[in-house]
Amino acid sequence: MQTVEDHAFMMDTFVTIHIPTRNKSQAAAAMKETFHAMQTLSTQLDRYETSSVSLVSQINQSSGEESVSLPETVINIFHTAQMISEASDGAFDLSIGVVVDLWRKSELTGILPSSSAMSSALSLVDYKKIYMQDNQVFLEDKNMSLDLGAIAKGAIADLAKETLQSQGIERAILDAGGNIVAIGSKTDQEPWSIGIANPNQPTEIMGYVEVTDLSVVTAGIYQRAYEINGERYHHILSTENGYPTSSLKSVTILHPSSLMADALSTAVMVLGPDNGLSLIESYPGTEAIIISADDALILSKGAEAYFTLLQKDLFHEQ
Amino acid sequence: MNNNTSKTIGIFNRSDLILIIVIIVSSILFITLSPNPSHSHQAKVTIGKEESFLIDLSIDQIKHYDTPHGEITLEVINGQIRMQKSSCPDQLCVRQGFLQEHEASIVCIPNETVIEWVSSPQYDGVSR
């Protein structure tokens with residue numbers, strides 16, 4: 001068995017696809033088509049891409065005025081996102097764009113968002129004002145702004161999986177900046193083994209999961225951050241107060257869909273351990289590995305079947 | 001008549017041959033001495049009786065650790081790992097340099113520390 005591996009840069013991260021195969025030319029062709037499809041969707045979902053190819057940009061620019069037509073692949077992403085918004089009572093909300101913009105501006109000026117500016121931004125965060133009918137999306141209030149940063153990698157990873165499988169690829173690992181998609185198993189007898197980063201020392205591995213045909217997605221406070229006056233403010237923002245969440249250090253979700261795993265990992269980070277676990281348990285087949293602010297390891301009911309903790313002295317099981 | 005004073009062997013003169021030899025030797029040294037990140041993406045570090053963890057060798061980093069008897073500093077660069085500093089008296093672990101492919105481990109007995117290869121790339125990906 002040989003391995004074909006290639007990577008591309010998109011969504012501000014490296015995406016790597018690794019295919020064990022006996023047919024190198026088939027794998028290389030599948031990979032080329034997959035990267036192309038991913039790049040197209042990546043641009044469509046990028047709100048900072050100002051050209052007309054960005055559908056999210058179009059929706060934001062048309063807020064309060066008119067609806068925008070979306071292709072089926074994109075409208076399905078919105079349906080999933082809205083489902084998680086409702087299930088999490090708005091803890092996950094695509095319309096957080098204005099709050100994100102406020103933090104980006106603060107990073108440039110070096111001044112933290114004022115409470116009045118934050119209140120004003122939060123008044124434009126409401127997933128219930130994202131209307132969808134047939135293939136149309138409309139934002140009710142002018143200046144509302146969608147930001148798909150919490151789910152774009154997941155959505156694109158799902159598209160990659162679909163494209164690879166449509167090309168006859170039965171086993172592969174896709175790594176979209178730490179969002180892992182395991183296609184099939186490593187061999188007929190062996191699952192894929194995926195390390196989980198230690199949120200206190202992200203270059204270390206705190207444990208691992210063994211998975212077949214699952215996505216493994218982690219949201220953590222150590223990932224992207226806004227640097228303001230030498231202080232670090234991580235990028236997962238509460239939809240309640242607009243500030244970085246504080247009760248959890250990382251949430252790893254196992255789910256067949258990378259999009260679902262991506263959305264749920266953010267939702268649980270915002271909800272905290274108790275409500276977060278309740279949300280996870282409401283989706284059969286979904287598992288969570290959670291590290292709390294005080295380094296407690298919290299597992300969903302079925303996670304033990306997948307997860308092995310290596311750094312037993314650093315994290316206490318709850 | 002050739003005015004060049006250097007000796008000619010076949011189509012090469014002596015300068016050409018020296019240059020060719022230098023290139024060949026440099027290439028061999030580069031291949032054999034270059035770090036080989038494909039060996040493993042992780043190393044296992046054990047400190048004392050309890051603490052054991054993996055370090056990702058794909059990210060250059062310097063890490064400081066307290067041990068039961070002192071402190072150590074590990075350096076990861078270009079896929080290789082070494083004991084950069086150690087509070088131990090003999091400094092054998094530091095002098096060993098980067099962990100080579102044929103070596104099983106770097107051991108610091110005074111600080112009860114072992115750095116060893118993860119025998120095969122243990123993980124197929126890392127979720128972070």
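Scope of the values below: all heavy atoms of this structure, side chains included, with no hydrogens, waters or symmetry mates. Convention: sequence-line order gives letters A, B, ...; per-chain numbering from 1.
Atom-to-atom distance recorded for A/I173:CD1 and B/Y123:OH is 13.5 Å, nearest 0.5 angstrom. In this structure, the separation between CG on A/N198 and CG on B/L54 is 11.0 Å, given to the nearest 0.5 Å.
Comparing A/K312, A/H18, A/Q201, A/M206 by how many heavy-atom pairs each has under 4.5 Å with chain B, the most go to A/Q201.
In plain terms, the two heavy atoms of A/I180 and B/V126 that are nearest each other are CD1-O, 3.6 Å.
Proximity to chain B (any heavy atom under 4.5 Å) is shown, for A/E204, by both the backbone and the side chain. Heavy-atom distances place the backbone of A/V217, and not its side chain, under 4.5 Å from chain B.
Applying the side-chain contact (heavy atoms from CB on, under 4.5 Å) test between B/S127 and each of A/I196, A/L254, A/I205 identifies A/I196 as the sole match.
By the 6.0 Å contact criterion, CD on B/Q91 is enclosed, its count of non-hydrogen atoms from other residues, nucleotides or ligands being greater than 12. Heavy-atom contacts from other residues, nucleotides or ligands closer than 6.0 Å to CD of A/E190 number more than 12. Counting non-hydrogen atoms of other residues, nucleotides and ligands closer than 6.0 Å to CD1 of B/I109 gives a total of 12 or fewer.
Put simply, the side chain of B/D124 reaches to within 4.5 Å of the side chain of A/K186, judged on heavy atoms. Looking at B/R128 and A/Y222, their side chains come closer than 4.5 Å, going by heavy atoms from C-beta outward.
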